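Please read these numbers as outputs of a predicted model, since none were measured by experiment. For reference, positions follow the sequence shown, starting with 1.
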Amino acid sequence: MGFRLPGIANAKRSLTRSLSASKSLDIPKGYFAVYVGKSQQKKRFVIPISYLNEPLFLDLLSQAEEEFGYDHPMGGITIPCSEHTFLNLTSHLSE
């Protein structure tokens, strides 16, 4: 698995914007919002920033970068997978 540093830098900038824009949305410190789904109906999840250290989650971010880029009008990162897949992955990360 390779890491693209420019992509990660863009993700961090987007995440910083997302975190500052979402302060009024009651996101606890140490968490950030992502939008999950491939259709028009995306579901919002608030997840720990510690997931950014997990290789599986970084793979999802790479897919998100390829499909959507990191400039999101919704104010959060969009993850291009089904809700079921995302919940399955995050349940493994939280163990």
By side-chain contact (heavy atoms from CB on, under 4.5 Å) - contacts of H92 (at least two apart):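 Counting only residues at least two positions away or on another chain, H92 forms a side-chain contact (heavy atoms from CB on, under 4.5 Å) with N88, E95.
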
Between [X] and [Y], is any pair of side-chain heavy atoms under 4.5 Å apart?
X: L52; Y: F32; value: yes
X: K42; Y: V36; value: no
X: Y31; Y: F45; value: no
X: F86; Y: V34; value: yes
X: I79; Y: L61; value: yes

If you measure from [atom1] on [X] to [atom2] on [Y], what distance do you get to the nearest 0.5 Å?
X: D59; Y: C81; atom1: CG; atom2: SG; answer: 12.0 Å
X: L87; Y: S94; atom1: CG; atom2: OG; answer: 10.0 Å
X: I27; Y: R44; atom1: CD1; atom2: CZ; answer: 4.5 Å

Show your reasoning for whether side chain to side chain contact (heavy atoms under 4.5 Å, CB included) applies to L93 and F57. CA-CA 8 Å; L93 296 178; F57 191 77; 4.1 Å; yes

So, using salt bridge (charged side-chain N to carboxylate O under 4.0 Å, His left out) as the criterion, who are the partners of E83 when residues are at least two apart?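 So E83 forms a salt bridge (charged side-chain N to carboxylate O under 4.0 Å, His left out) with K43.
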
For S50, give me all partners under side chain to side chain donor-acceptor pair (under 3.5 Å), at least two apart in sequence or on another chain.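 S50: no side chain to side chain donor-acceptor pair (under 3.5 Å) contacts found.
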
